[in-house]
Amino acid sequence: MAGYDHKQVEAQAQEKWESLRLYEADLHAAKDPYYVLFEFPYPSGDLHIGHWYAFALTDIFARYKRLEGKDVLFPIGFDSFGLPAENAAIKRGADPKTWTYENMERMRAQIRSMGTAVDWSKEIATSDPEFYKWTQWLFLKLYEHGLAERKEAPVKWCPKDQTVLANEQVIDGACERCGTEVEERRLTQWFLRITDYAERLLADLDPLPWREEIKDAQRAWIGKSEGAKITFPLSFKKDPTQNDWRDPDGKPAGITVFTTRPDTVFGATYVVLAPEHQWVRAIWDTEHDDVAFNKDEIAKYVEVTKRKTERERQENKEKTGVRIDGIMALNPATGEEIPVYIADYVLGSYGSGAVMAVPAHDERDFEFAKLHGLPVRQVVAPRVTDNTNPPQEGKEEVGRDVTLSIVHNPATNRYLTLDWKEQPWVTFITGGMDEGEEALATALREIKEETGYTDLELVRYLGQTQSEFYAAHKGVNRVARNRCFLFSLKSEARTEVAAEEEATHEVVWRTKEEIEALHMQHAEFDYLWKRIHEGDSAFTESGALIDSGAFSGRDSEEAKWDIVEAIGGERTTNYRLRDWLVSRQRYWGCPIPVVYDPDGKPHSVSPDHLPWMLPTDVDFSLSSDGSPLRTSKELKERVERLYGEGWTPEYDTLDTFVDSSWYFYRYLDPKDENDFSDAGLMRQWLPVDRYSGGSEHTTMHLLYSRFFHKALYDLALVPHDEPFNERNNRGIILGPDGQKMSKSKGNVVNPDEFVERYGADAVRLYLSFIGPYNEPGSYPWNLDGVHSMRRFLDRIVTVSERVRDVEATEELRRSLAKTIEKVGSDLERMKYNTAISALMVFLKDLEALTEVPRPVFHQYLILLAPLAPHLAEHLFGITKGAGSIHMTSWPEADLDLLKGELKTVIVQVSGKRKGEIQLPEDASEEDAIAAAHTIPAVAELFASSDPSRVVYVPGRILNLVFS
RNA sequence: GCGGGGAUGGCGAAAUGGUAGACGCGCCUGCCUUAGGAGCAGGUUCCUUCGGGAGUGGAGGUUCGAGUCCUCUUCCCCGCACCA
């Protein structure tokens with residue numbers, strides 16, 4: 001390899017940094033603290049290109065901040081609890097601890113080879129008892145304040161990993177880690193009450209300086225919706241004595257539903273319970289044994305549903321269900337008795353696990369109603385405005401009941417329309433309903449009167465719409481309530497049409513295409529036409545209420561909360577977010593510091609006994625029932641020894657996301673035996689200034705640690721209520737084939753090979769150059785890319801050989817000033833790719849010189865130092881002498897130099913580029929126009945006329961418009 | 001379906017509303033050497049009658065001027081998804 005000896009250069013630089021203890025931050029002495037954090041790695045054993053991307057590129061930022069004069073904390077640790085260690089134990093008989101700690105040892109050496117300026121003196125590992133002692137202590141703090149609780153709930157179970165999972169760890173119905181389809185089980189487990197913080201987690205997102213997509217993903221995950229709880233009283237047909245049935249609150253038996261559309265309650269034609277709903281289980285209670293005629297059918301349905309995996313329930317979207325025969329619910333708005341169903345399209349875990357079904361206005365209910373022959377009752381009419389004739393302000397509003405009939409002739413496949421003689425209108429057949437007249441009768445009468453056709457068959461009632469327009473001849477705003485019908489013409493039978501009707505309009509049969517090409521004089525045309533040709537569907541928007549008692553005629557959105565009040569409902573907010581399930585039936589995790597008394601009641605392990613040690617005498621075989629901790633004799637004996645006969649341990653361990661929810665406090669005071677961190681240092685150093693990580697943690701780690709932090713804030717254990725200030729989600733590196741790297745595809749790039757050949761600096765530069773680091777894109781690894789970065793470094797070495805003590809020209813100093821500006825602002829935004837580009841451009845200036853001025857070269861090296869720290873250190877040493885380049889400071893750009901500079905001003909004529917002129921930035925418009933005359937094409941135009949408009953942006957553009 | 005992001009040369013990508021394609025890869029030409037997994041110099045959006053013309057997924061609009069702002073649309077990626 002030509003150029004410099006990267007192995008020697010890098011080894012020397014790394015030794016120098018370590019001997020100078022360059023990166024051991026003195027936290028107490030810091031004047032201008034800046035905390036740079038990356039997500040600590042799981043010690044899987046091998047450092048791959050993704051680790052380089054995560055660590056080395058965050059290191060660039062940390063080095064830049066340090067040169068900028070900040071006191072930087074840039075720590076590292078290991079997220080060292082986790083399943084792979086245990087799987088290795090099962091597969092190869094290795095001890096999880098040995099396996100993990102050997103991996104950590106290997107990774108430390110690899111991470112050092114990147115030239116990352118991490119502060120090893122503050123290293124932590126979550127599996128160290130000195131660390132997990134405080135995980136346990138914090139867990140107990142949450143428990144003591146009611147934020148950790150044991151409860152029975154349907155939970156996701158991964159049969160392969162033999163453990164429960166949090167909701168966030170289930171992706172498309174499968175285990176996030178191993179891809180196995182998860183099952184649902186009902187178990188008593190430990191939960192952290194993250195739902196108590198849903199509102200704050202949501203509201204506090206707004207001011208965070210994060211990219212909107214991260215915030216939006218968290219907002220969607222929290223999933224706030226506002227609605228109402230409405231209770232539907234029950235009556236028992238099979239056994240009326242059950243009508244005395246009271247729920248635990250003493251209220252008469254009733255099903256409470258959650259809905260965001262209480263305005264549609266008048267259209268609720270049945271009620272649906274999730275198979276997991278408490279009432280469904282109550283049917284088996286001996287007390288209420290006799291409520292259903294079809295108990296066996298219900299039992300079978302519930303059983304079948306239970307056996308389905310999460311993914312099967314998601315994939316098979318056909319809406320199955322079974323009616324509870326023997327129970328009726330009372331619609332509190334209409335007073336009508338409606339049936340009760342059990343169906344798995346209703347989720348047990350959302351809202352109240354029960355819904356009121358409004359088929360006319362909810363797609364899912366509509367689908368279910370169609371399949372099960374249930375009534376569809378419209379209560380919201382689409383509201384349309386006639387734009388050619390809109391309602392006028394201040395005019396009286398007058399309602400009118402009318403019919404709108406669309407007649408189809410199947411023989412000719414044409415539709416009946418009217419062409420109006422006095423108006424430019426084409427319409428279907430409309431007409432007002434007479435007092436006491438049925439809509440259908442009106443429709444048939446109007447068709448007969450206006451067109452003469454009499455032999456019609458009703459195909460479909462299309463529902464009601466409400467159109468609003470200004471009726472000029474009456475001087476009022478008309479609110480037309482249209483009953484819309486679709487008829488089929490059975491025969492051409494016709495009666496005579498009255499002369500006055502003939503005089504106003506002409507009957508025309510038109511094809512579908514002809515009608516679509518016209519503008520029909522009905523504002524609801526699109527709505528109706530879609531229903532005719534694509535079939536009925538639920539109308540899910542807001543509109544005008546109809547058939548809704550006293551609320552009819554009002555806007556559905558506006559009347560929503562009045563309806564809730566009128567029927568005794570309760571306004572409420574619901575969240576999609578579920579409590580965080582933290583129990584894991586696994587060995588290699590933080591033991592849950594809880595013991596059970598002989599009655600099975602949980603008690604905190606006393607703080608004196610922390611850390612509550614993970615036992616070592618366990619059997620990892622998967623055949624054991626539940627957590628491997630159950631096989632430990634030592635743990636059982638420990639509990640009995642400390643607490644007495646009959647007391648038992650908690651056998652589950654904590655989700656590793658609990659460890660990572662607080663690890664960044666521990667870096668501040670990693671050895672503290674008396675506290676989880678240092679209160680004074682937390683005030684000084686938190687929140688984390690910049691947190692660099694992967695987008696896969698947006699709704700897991702990032703949300704969990706925000707919750708954890710807020711909970712600790714409320715307990716006065718941490719000083720701020722948000723843990724992280726700026727956050728960047730990096731992208732991913734793809735294989736050379738543009739596919740995601742994976743062993744099975746054989747496209748995994750091993751960084752070691754490239755480091756060996758080109759050096760760590762070249763690999764760092766290449767990863768930086770591949771694309772913007774502040775955006776979560778994906779970038780394919782180009783096999784020639786690292787080589788080209790090495791070439792760039794070699795060119796710098798060549799230039800360094802011509803460094804002399806000479807004066808820099810003004811032009812060179814000007815170019816340097818621009819480069820300092822550009823590189824600094826790019827590094828600040830983690831746009832490393834354009835920073836390198838600027839360094840390459842400036843290198844060309846240096847290469848043009850036979851003698852390179854020493855101060856200019858040294859400033860250039862400082863700009864390079866964050867990106868290529870080893871070579872910058874080396875060249876700094878041989879061209880200057882003692883000290884480390886990383887202890888210098890970022891050069892200041894001499895912006896005064898830029899003032900007198902000639903700028904290229906583009907001369908345009910009507911926005912088209914015609915040429916360019918050189919002008920100082922402060923040149924006047926007159927000077928610019930004068931200079932523009934030197935361009936022949938422009939001078940020619942000036943010869944015949946003067947420009948009608950001149951746009952002059954100094955230093956940029958002169959645009960002349962000749963009209 | 002809903003929410004978010006995106007679409008610029010053969011490829012990765014640059015462009016406070018002001019020269020589109022910086023920088024790099026690849027490719028082409030030449031040089032140096034003779035075999036290095038090199039190095040150096042020049043060229044490289046497309047079309048062209050060599051005057052120019054066209055061009056940032058598509059169609060409109062705002063503007064002196066649009067990759068950038070607005071409306072509609074197509075496609076791709078990510079997240080959520082029977083959430084009532």
Just to be sure I follow the notation: if a pair is Watson-Crick (purine N1 to pyrimidine N3 plus N6-O4 or O6-N4) or a G-U wobble (N1-O2 and O6-N3), each under 3.5 Å, what dot-bracket string does RNA chain B give, with | for pairs to another strand? (((((((..(((.....[....)))((((((.......))))))(((....)))..(((((..]....))))))))))))....
Between the CD atom in A/E696 and the CD1 atom in A/I732, the distance rounded to the nearest 0.5 Å is 9.0 Å
Is the A/F368 ring parallel, tilted or perpendicular to the A/Y345 ring (thresholds 30°, 60°)? tilted
So A/K903, base contact, sugar-phosphate only, or nothing? Heavy-atom distance under 4.0 Å. nothing
Would you tabulate the pairs of protein nitrogen or oxygen atoms and nucleotide nitrogen or oxygen atoms of nucleotides 33-36 of chain B closer than 3.5 angstrom?
none

Comparing nearest nucleotides in RNA chain B, the 5'-proximal residue of the pair A/V355, A/I214 is A/I214
Sub-6.0 Å ring centroid separation between A/H6 and A/Y758: no
What integer number of Å spans the P atoms of B/rC47 and B/rG9? 15 Å
Give a yes or no on this: more than 12 heavy atoms of other residues, nucleotides or ligands lie within 6.0 Å of atom NZ of A/K215. yes
Do you know the tightest heavy-atom contact between A/N331 and A/A333? OD1-N, 2.8 Å
Thinking salt bridges, do A/K7 and A/E756 make one under a 4.0 Å N-O criterion? yes
Taking the C1' atom of each, how far is B/rA13 from B/rG3, in whole Å? 28 Å
Pick base, sugar-phosphate or nothing for A/V358, based on heavy-atom distances below 4.0 Å to the nucleic acid. nothing
Determine the interatomic distance between P on B/rC78 and the same-named atom on B/rA20; round to the nearest Å. 35 Å
Please report the distance separating the P of B/rU56 from the corresponding atom of B/rA66, rounded so that it comes out in whole Å. 11 Å
Distance under 6.0 Å and angle within 45° of ring axis: A/R764 vs A/W52: no
Here the distance between atom P of B/rA13 and atom CE of A/M830, to the nearest Å, is 18 Å
Please check the phosphate of B/rA15 (OP1 and OP2 only) for any side-chain N or O of A/K831 closer than 4.0 Å. yes
In this structure, how many angstroms lie between the C1' atom of B/rC82 and the CG atom of A/L371, rounded? 13 Å
Sole residue of A/V938, A/V950, A/L919, A/I906 in side chain to side chain contact (heavy atoms under 4.5 Å, CB included) with A/L958: A/V950
Would you give the length of the straight line joining atom OG of A/S352 to atom CD1 of A/I255, rounded to the nearest 0.5 angstrom? 9.5 Å
Syn or anti for B/rG12, taking syn as within 90° of 0? anti
Report yes or no: is there a donor-acceptor pair, N or O only, under 3.5 Å between the side chain of A/R211 and the base of B/rG5? no
A/R730 and A/S692 side chains, donor-acceptor separation under 3.5 Å: no
Given B/rG12, B/rA84, B/rA14, identify the nucleotide with an atom nearest to the side chain of A/P772. B/rA14
Using the side-chain heavy atoms of A/Y350, tell me which of these nucleotides is nearest: B/rC82, B/rA13, B/rA84. B/rA84
From the options B/rG18, B/rG4, B/rC80, select the nucleotide whose nearest atom is closest to the side chain of A/D216. B/rG4
When you compare the protein's N or O atoms with those of nucleotides 73-79 of chain B, which come within less than 3.5 Å of each other, and at what distance?
none

Do A/E39 and A/R727 sit within salt-bridge range, that is, some charged N less than 4.0 Å from a carboxylate O? yes
Table of protein N/O atoms under 3.5 Å from nucleotides 63-70 of chain B N/O atoms:
from: B/rC64; atom 1: OP1; to: A/R949; atom 2: NH1; distance (Å): 2.5
from: B/rC64; atom 1: O2'; to: A/N959; atom 2: ND2; distance (Å): 3.2
from: B/rC64; atom 1: O2; to: A/N959; atom 2: ND2; distance (Å): 2.3

With a 4.0 Å cut-off on N to O distance, would you call A/D526 and A/K530 a salt bridge? no
Could you measure between the two P atoms, the one in B/rG67 and the one in B/rA15, and give it in whole Å? 16 Å
Along RNA chain B (nearest heavy atom to each residue), the more 5'-positioned of A/E363 and A/Y779: A/E363
Looking at A/E847 and A/R795, does any basic side-chain N land under 4.0 Å from a carboxylate oxygen? yes
Enumerate the protein-to-nucleotides 42-52 of chain B contacts in which both atoms are nitrogen or oxygen and the separation is below 3.5 Å.
none

Euclidean distance for C1', B/rU8 against B/rC76 (whole angstrom): 15 Å
Tell me if the centroids of the rings in A/F769 and A/Y832 come within less than 6.0 Å of each other. no
Could you work out the separation of B/rG6 and B/rG43 based on their C1' atoms and round it to a whole Å? 33 Å
Protein N or O to nucleotides 21-28 of chain B N or O, pairs below 3.5 Å:
from: B/rA22; atom 1: N3; to: A/S837; atom 2: OG; distance (Å): 3.2
from: B/rC23; atom 1: O4'; to: A/S837; atom 2: OG; distance (Å): 2.9
from: B/rG24; atom 1: O2'; to: A/S788; atom 2: OG; distance (Å): 3.3
from: B/rC25; atom 1: OP1; to: A/R791; atom 2: NH2; distance (Å): 2.3
from: B/rC25; atom 1: O2'; to: A/N782; atom 2: ND2; distance (Å): 2.7
from: B/rG26; atom 1: OP1; to: A/D784; atom 2: OD2; distance (Å): 3.4

Validation row, ring centre A/F657 to ring centre A/W580 under 6.0 Å: no
Scan A/W781, A/Y773, A/Y766 and name whichever one has a ring pair (Phe, Tyr, Trp, His ring centres under 6.0 Å) with A/Y53. A/Y773
Please work out whether B/rG51 sits syn or anti, treating a glycosidic angle within 90° of 0 as syn. syn
Looking at A/R219 and A/E212, is there a salt bridge between them, counting it only when a charged N and a carboxylate O are closer than 4.0 Å? yes
Sidechain N-carboxylate O distance under 4.0 Å for A/D263, A/R261: yes
Does a side-chain N-to-carboxylate-O contact under 4.0 Å join A/E916 and A/R913? yes
With respect to the phosphate group of B/rG39, does any side-chain polar atom (N or O) of A/H787 fall under 4.0 Å of OP1 or OP2? yes
Hey, does A/I906 reach any base, or is it just sugar-phosphate, or nothing, if we go heavy atoms under 4.0 Å? base
Inspect the contact between A/K224 and A/E199 and indicate whether a charged nitrogen and a carboxylate oxygen are less than 4.0 angstrom apart. yes
Measure CZ/A/F366 against C1'/B/rG1 and give the value in whole Å, please. 17 Å
